[in-house]
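I have placed the structure first, in the form of structure tokens, so that the comments after it can refer back to it.
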Amino acid sequence: MTESLVRVEGLYKLFGSTPNKFIEKAKAGETKTDILKETGHTLGLRDISLDIKRGEIFVIMGLSGSGKSTLIRHFNRLIDPTEGKVIVEGQDIMTLNEAELREFRRVKMSMVFQRFGLMPHYTVLENIAFGLQVRGVAKKDRSEKAMQWLEDVGLKGYEDQYPSQLSGGQQQRVGLARALCTDAEILLMDEAFSALDPLIRSEMQDQLVELQEKLHKTIIFITHDLDEALRIGDRIAILRDGELIQVGEPADILLNPVDDYVESFVRDVNRARALTVDTVMQPVKDRISAHTIGEAIKQMRTSKLDYAYNVNEDGYQGAIVREQLEELDKSEYSNELCEDNYEPEVVVSPDDVLEAVISETLDSEYPVPVVDEEGQLQGELSRGNLAEALSAQSLQDPETETDSKS
Amino acid sequence: MTESLVRVEGLYKLFGSTPNKFIEKAKAGETKTDILKETGHTLGLRDISLDIKRGEIFVIMGLSGSGKSTLIRHFNRLIDPTEGKVIVEGQDIMTLNEAELREFRRVKMSMVFQRFGLMPHYTVLENIAFGLQVRGVAKKDRSEKAMQWLEDVGLKGYEDQYPSQLSGGQQQRVGLARALCTDAEILLMDEAFSALDPLIRSEMQDQLVELQEKLHKTIIFITHDLDEALRIGDRIAILRDGELIQVGEPADILLNPVDDYVESFVRDVNRARALTVDTVMQPVKDRISAHTIGEAIKQMRTSKLDYAYNVNEDGYQGAIVREQLEELDKSEYSNELCEDNYEPEVVVSPDDVLEAVISETLDSEYPVPVVDEEGQLQGELSRGNLAEALSAQSLQDPETETDSKS
Amino acid sequence: EDSVAESESHQCENVTIAEMTWSSASLWANIDKVILENGFGCEVELVPGDTLAATTSMIEKGVPAIAPELWTNGVVDVLEKGVEDGKVEYVGRSLSDGGQENLWVPKYMVDQYPELATLEGVKKHAALFKNPENPGTSMMMGCPAGWNCQIANENLFRAMELADYGFELVDPGSGAGLAGSIAKAYERKEPWFGYYWAPTALLGKYEMVSVDVGAEADLEHYSTCIGKLDCESPRVISFPVANVWTVVSTEFSSGSPEVMDYLAVRSLDNALMNKLLAWMEDNQANGEIGAYEFLESYPEVWTPWVSEEVATAIKASL
Amino acid sequence: MSWLTEIPQLDRSGMTSLKKIIDEAFKGFSRQYGEGIENFFKPLLDFLIFFEKLLLATPWWLMIAILVLITQLAARSVKLSVGVGVALLCIGFLGMWEDTMRTLSLITVCTLLSILIGIPVGILMSRSDRTQKVITPVLDIMQTMPAFVYLIPVVILLGIGRVSGLIAVVIYAIPPVIRLTNLGIRLVDKEVIEAADSYGVTSMQRLWSVQLPLAMPNIMAGINQTIMMALSMVVIASMIGVRGLGLPVLQAINNQYIAQGLLNGSAIVVLAIIFDRVSQAYAKRSQHNIGGQND
Amino acid sequence: MSWLTEIPQLDRSGMTSLKKIIDEAFKGFSRQYGEGIENFFKPLLDFLIFFEKLLLATPWWLMIAILVLITQLAARSVKLSVGVGVALLCIGFLGMWEDTMRTLSLITVCTLLSILIGIPVGILMSRSDRTQKVITPVLDIMQTMPAFVYLIPVVILLGIGRVSGLIAVVIYAIPPVIRLTNLGIRLVDKEVIEAADSYGVTSMQRLWSVQLPLAMPNIMAGINQTIMMALSMVVIASMIGVRGLGLPVLQAINNQYIAQGLLNGSAIVVLAIIFDRVSQAYAKRSQHNIGGQND
Ligand SMILES: Nc1ncnc2c1ncn2[C@@H]1O[C@H](COP(=O)(O)OP(=O)(O)OP(=O)(O)O)[C@@H](O)[C@H]1O
Ligand SMILES: Nc1ncnc2c1ncn2[C@@H]1O[C@H](COP(=O)(O)OP(=O)(O)OP(=O)(O)O)[C@@H](O)[C@H]1O
Ligand SMILES: [Mg+2]
Ligand SMILES: [Mg+2]
């Protein structure tokens, strides 16, 4: 998963009639607005360097007009950079000749366009099969495969319609199916879900994640929907005015925005769904390691704990309330701790999203233990943590408990 | 706010070469898929009846291809219905002659198109001023006004560019500005924010709500973003396969979906932001009405309450914990209840969204009192209520406490 | 000059003269233009046009007023009708000895096969005149479609029984086509046999030998049979002399007696015309240049056509 | 069974009388109304004569200056303007100035007339399929009926001369601009039209602000073809009495003067190119950036 | 100061020698290469003769049946097919069958040749602005240089007859299809091209699957114009000895036979309409639903 597949180095793009003349201005750091005003040229990208790894879903976000589409179009060289390199699998794609470029586009990449880019004179089915047609796949085979994808995107019955007869979202799905139908290694998806309703959208998201997991496709995905980005993205890059502001894993961006821009960007996200338990849980302070009731009581008394998690060499055992143990007869102290001694089983997994654990956490008197698949106690989740994470404020640093409450 | 502005009665739309021939099939209730297969005609709308009130923001949602754009296009008669009536301000718009229709479109409605529909040969500024140009507004005046809107949608500096030089989202904003620039009474917005990033989007949403509140515009809004719908919509209509499934206020739809379709539709919404306190709060059971400490204690003892809200003729006074009062000396029983006797002031307003009250509710040992602007106690909000509302499950009926927990 | 113009110009304000596209006609038109303008103070406009368009227009509209060189054989029916209806009238012969129509072969062929100068020789060497458009046949180039000579050619072709020798009468489509076929043959020294007429610049340029058909011209037979569409039994005859007339519209003739007098007398013979055409050919001159050349070089020819004062005025203008 | 090899035909006498009837009918018509029709065209004729005289009377240097100026104003291209100037000087130097002015005069009027009539007709035609169905065969006839054929009646009606020439040129040259205006308007993106409609445009506003600008590339192609065809008719016009560059060409043909034909033909070509480049450059300049400058 | 009123001109002798040099040069060329060029065109001539003979030899009813069948296959419109049949019968009935077949033969070859050469050239022209800049003036010359002018050298080279006629027709008729193919391809939506490119189309695939289908309306307009112009050249072709409907027209002109001109002209128009309607209907049928059926 860590091999670099697409690498971009010092990419500059200036739109206009004589970009080379004014590229120095962009390098000198003049603002996009100034450059536009002075030269009539629009700054598309400024000094972008990136590394996209094989098999990841890489999400690109940013304000409208920040250069996302421009960037993604460089990857299959629909746009030539004003300066800089785009390297795919070690190959600088600017050095490809026409035939190589064609082969590269056929095999390596397929793209979903922001404005769909459907062939108005092809039926839906022919549109979907277009990538295969280009590769010379026999008509029957490509129709079959296209039909499969047509059904997958929920357009069964529309195969003989023309794009102009479809609704916006249906057209977008045709574009999507067309890109998926080619089995290209890298999928470039420019706001590929923007016209879809939530149901189909989440289906498509699942499908995408499945594709990536099963077939190890690399997916470069532009979206304006932070929830979506957080849900499917392995890493997220944030652009502003053609510059790369931050790249990182979703939680990282959410919890450690580098500046106000990113912070305001992520402010509105549905944290309950975006954040997983491990990103907000606290290290366990109330931990004992006992086998018998006596040991447990002793340890708890020493540490002055009313409540503790018992973790021994077999991993997490359960939560213990001291009061309850102390009610027991001393004779039982030497007994092994058993089911009855533990609190009713309420554990959450570190990978759960917060939304899934809201009720458990709120219902529980004490912080909920966070236990991973191997049965190891990873941390605890208190109501306070949850409230803090869910309220609209960003958490400056989840490691250190902050007291700020709205 | 209750006057009907746009009324639709028994609207049918069948796309194809001879819709009248097959409209009976649509009436007989054949499914859209069957009709398409049998006749090659696509069912756009089936028997839609609606009432949109003056000054409301009416949101239309539904799966991709469910007929939203088709419906909205009937309102300004870009599409003629196969059957049915569209009545705007009491006037059946199918009876308008050409000149009247033109006047109607100029004054009454302006539209944001799903696919933007910009004039490729006009600059951004000219595009925005198009509606005014059509009305014959002098060049200087319309440029000025257009420039204002251009800035409002954040495109300053781009006034002399052509649409082909803009990014998708920028183009959409041009379409938006063009529609807003005309001051039409009714705004038809077909996925008007779909290509916008969250920051600009929420700005635009605010602007829209402001427009509606200040100028009492009626806004008919198609969106796929349920959060958006809930945030700005006064009422929401949900379509499926050309049929109207449910119309109602946001919370109504969220909390009382008529069927599984609607339920699955709303499942993914960010409830914390969509629901307001009044939709999930419970009626207050622990209520007393005392002036003195004695009265309070007495009432609480009679009702066996440890905790109660004191409400007298002046409205809500505060929350009282019995234990605390009982600690006081009997001599003080005749004293008026004062600040000190009440719990620290933690109240929420019924209009607050849940997200805003998460911390208060979670931090508080007891249910939080919900008090309206007039100081009247409206209900209480317990942690349980909140947890339930926030977890992904829908609440079948918020009036009756349900015990189902995930 | 002014005084002359004033005295003469009372009824001669706007005159239109047809300028046909072949050299001699163009020359005439320009000569008339110069003389009418400078001698009679007319305001002259030349209008181009081919024979028929000009004739029709004259008959139907009275414009152009003057057709200085009209080969009337070609439009005889129309013209006769016009004369009958009083729309146009003949004024004088612009070629005093008439035009010469004939069948020709190039000189280089006659040099090689002297017998080609006779019809018998042509028949004998029929195989020389290959028709590329219809392999296996020989080709006699006829007269363009619709020209009156087309009918005469057809009838003579029948009378000479050329078809029996493998000949086919080919329609060149137009005067230009006909001229082109001669030019091509001549430049490449290829065989050519067919109809043409003189005086023309073309025959000045490409030396051709007229084919002796072995019979006299017979005007009587020509006008009753050879020149008619339904000629039952044509005889071989030479072409009679072609009438080349100056024709004016009656509208004009009734208004300008002085000019009419001039038009009635002015005339050139074939010898001089050929000389002039040769000069024009050598200089690739158009009619205008040719006209000045004529007026400058041959005053003795043209001064008798006009009164003395007119002649002086013209000379003054050259 | 002669019909097996011979197609059944009207016999000769039937044929002749049919032809005679038509001919006589027309000639009768001409005698009766010719005068009226001629008078109707009189002002046009006067204008044509006036315009030609004007061009001829203007000193050559002034004329060249004016033409270069017009080119510069329309096309804003120094290269083109200089080219026009040089080409005109060459024409003058080779002795074709007067004929060129005559042709320029007629063709200017013909082209303007064709465009002024053609574009509105094209617009009309684009409005309804019915109109299109009616007009199309008329255009077919105008373009393929040999000019010579309709010139016969025209000459009978109006005589030879400028008006007949103008009618012949306009009839022949007008169809392309009509057809391509129609096509261009029909090809305009439906979405843009719909957007304009939604703002309540009148059909005039729709035309001016959306349809015509977006149909411009096609309309310009039509104008280009119209100019080309008008100039290709110069020779035919000179067959019925229009002076100008056509006449020397005709003379050249009859005498097989290659050079003379070529020179005068080239002058016609030069005029065509000037007309075309100036109109195209003007259109392009006044047109907006539709395609965008994708790189 | 004569230059003020008189444009400086080459003097007469200069002019004469210039013209002579050109004429002689060409004639020299003709003498040297004429034969070779003629031989080069020999197969074409043979084919033209063969094709004409074939059409003439086919019995009229079979010919009509074949033409109606072709119409029906191409256009799938009974109305059109019946119309074609009736029109051809009328032509036969009015005694124009043979000439019509001759013209049909030549024009079929010319039109096919023009389209077959024109579309590829148009495609080439759309590929680069440089090519466009080079080809455009050539097209201008082809369209406006009067046919008569280049007919002089062509006739001197190849003689009168079918080949010269064909060359004249093709030269004149080919520009519209080239121009409109070029324009059509250039007007294809950039977004669609870009989408196709992103899937790695070869330039041939791009052409066949995107550019040509989407440029179809314009290309068809070009073909229509080419057909119209080819048929409008029938008479000119006849002027250099091509038999067919043009000759009777010439005859009619020279004799002012209105009816004869009209009838033969109409036969040409009928051929034009048949060619046009059949090709347009075929194109429309084989074309895809581009605009969609918005209502
Ligand atoms: N011009 C047309 N011709 C034929 N069918 C059409 C046409 N326009 C729309 N339809 C059909 O009508 C149905 C409704 O389309 P509509 O555009 O209203 O959907 P929508 O709800 O706006 O969807 P989306 O969210 O994807 O924009 C679709 O099934 C579509 O295929
Ligand atoms: N062809 C072009 N010509 C000129 N400027 C362009 C062109 N394409 C893009 N730009 C400019 O480049 C900038 C980046 O555009 P881009 O399309 O990459 O934005 P984006 O991030 O995709 O925005 P969106 O979210 O709105 O799609 C914009 O300011 C735009 O105006
Ligand atoms: Mg974009
Ligand atoms: Mg829609």
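Because the structure is a prediction, the values reported are computed rather than measured. Each chain gets a letter, A, B and so on, in the order its sequence line appears, and its residues count up from 1.
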(request) Report the distance from atom NZ of Lys19(E) to atom CD of Gln260(D), rounding to the nearest 0.5 Å. (result) 4.5 Å

(message) Within the structure provided, determine whether Thr136(E) and Gln280(D) are in side-chain contact (heavy-atom separation under 4.5 Å).
(response) no

(request) May I ask you to name which of Met229(E), Met96(E), Lys20(E), Lys27(E) has the most heavy-atom pairs under 4.5 Å with chain D? (result) Met229(E)

(message) What I'd like to find out is whether the side chain of Ile268(D) reaches to under 4.5 Å of the side chain of Pro146(E), using heavy atoms alone.
(response) yes

(request) Measure distances from Ile141(D) to the heavy atoms of chain E and classify the residue's part below 4.5 Å as side chain, backbone, both or neither. (result) both

(message) Is Met15(D) close to chain E through its backbone or its side chain, or both, or neither, when contacts mean heavy atoms under 4.5 Å?
(response) side chain

(message) Are the side chains of Met228(E) and Pro175(D) in contact, using a 4.5 Å heavy-atom criterion?
(response) no

(request) Mind checking side chain to side chain contact (heavy atoms under 4.5 Å, CB included) for Val270(E) and listing every partner two or more places apart, or none if nothing turns up? (result) Ala87(E), Ile91(E), Ile274(E)

(message) Need one label for Ser266(D): side chain, backbone, both or neither, based on atoms under 4.5 Å from any heavy atom in chain E.
(response) both

(request) Name the option with the most non-hydrogen atom pairs under 4.5 Å to chain E; the candidates are Ile21(D), Leu250(D), Ile22(D). (result) Ile22(D)

(request) Flag the pair Ile227(E) / Thr144(D) as yes when at least one side-chain heavy-atom distance between them is below 4.5 Å, and no otherwise. (result) no

(message) Which one wins on heavy-atom pair count under 4.5 Å against chain E: Gly95(D), Ala259(D), Gly246(D)?
(response) Ala259(D)

(message) At a 4.5 Å cut-off on heavy atoms, which part of Leu183(E) comes close to chain D: side chain, backbone, both, or neither?
(response) side chain

(request) Let me know if Met142(D) has heavy atoms under 4.5 Å from chain E in its side chain, its backbone, both or neither. (result) neither

(request) Go through the atoms of Leu180(D) and report whether side chain, backbone, both or neither lie under 4.5 Å from a heavy atom of chain E. (result) side chain

(request) Against chain D, work out which of Gly265(E), Gly184(E), Pro153(E), Ala147(E) has the most heavy-atom pairs shorter than 4.5 Å and name it. (result) Gly265(E)

(request) Give a yes or no on this: more than 12 heavy atoms of other residues, nucleotides or ligands lie within 6.0 Å of atom OH of Tyr257(E). (result) no

(request) Answer with side chain, backbone, both or neither: which region of Phe93(E) has an atom nearer than 4.5 Å to a non-hydrogen atom of chain D? (result) both

(message) Please classify the contact of Arg186(E) with chain D as side chain, backbone, both or neither, using a heavy-atom distance under 4.5 Å.
(response) neither

(message) What part of Leu139(D) gets within 4.5 angstrom of chain E, counting heavy atoms only: side chain, backbone, both, or neither?
(response) neither

(message) Under 4.5 Å from any heavy atom of chain E, what part of Pro137(D) do you find: side chain, backbone, both or neither?
(response) both

(message) Does any part of the side chain of Met239(E), heavy atoms only, come nearer than 4.5 Å to the side chain of Phe148(D), both counted from C-beta?
(response) yes

(request) Could you tell me which portion of Leu263(E) (side chain, backbone, both or neither) has an atom closer than 4.5 angstrom to a non-hydrogen atom of chain D? (result) side chain

(message) Is it the case that the side chain of Asp23(D) and the backbone of Ile258(E) share a donor-acceptor pair, with hydrogens and angles ignored and the cut-off at 3.5 Å?
(response) yes

(message) Among residues at least two apart in sequence or on other chains, which ones pass side chain to side chain contact (heavy atoms under 4.5 Å, CB included) with Gln9(E)?
(response) Ile7(E)

(request) Go through Val249(D), Leu262(D), Leu231(D), Asn218(D) and name the one with the most non-hydrogen pairs under 4.5 angstrom from chain E. (result) Asn218(D)

(request) Identify which part of Asp140(D) has an atom lying under 4.5 Å from any heavy atom of chain E, answering side chain, backbone, both or neither. (result) both

(message) Report which part of Tyr172(E) has an atom under 4.5 Å of a heavy atom belonging to chain D: side chain, backbone, both, or neither.
(response) side chain

(message) So for Leu94(D), is it side chain, backbone, both, or neither that comes closer than 4.5 Å to the heavy atoms of chain E?
(response) both

(message) Please classify the contact between Gln143(D) and chain E as side chain, backbone, both or neither, with a heavy-atom cut-off of under 4.5 Å.
(response) both

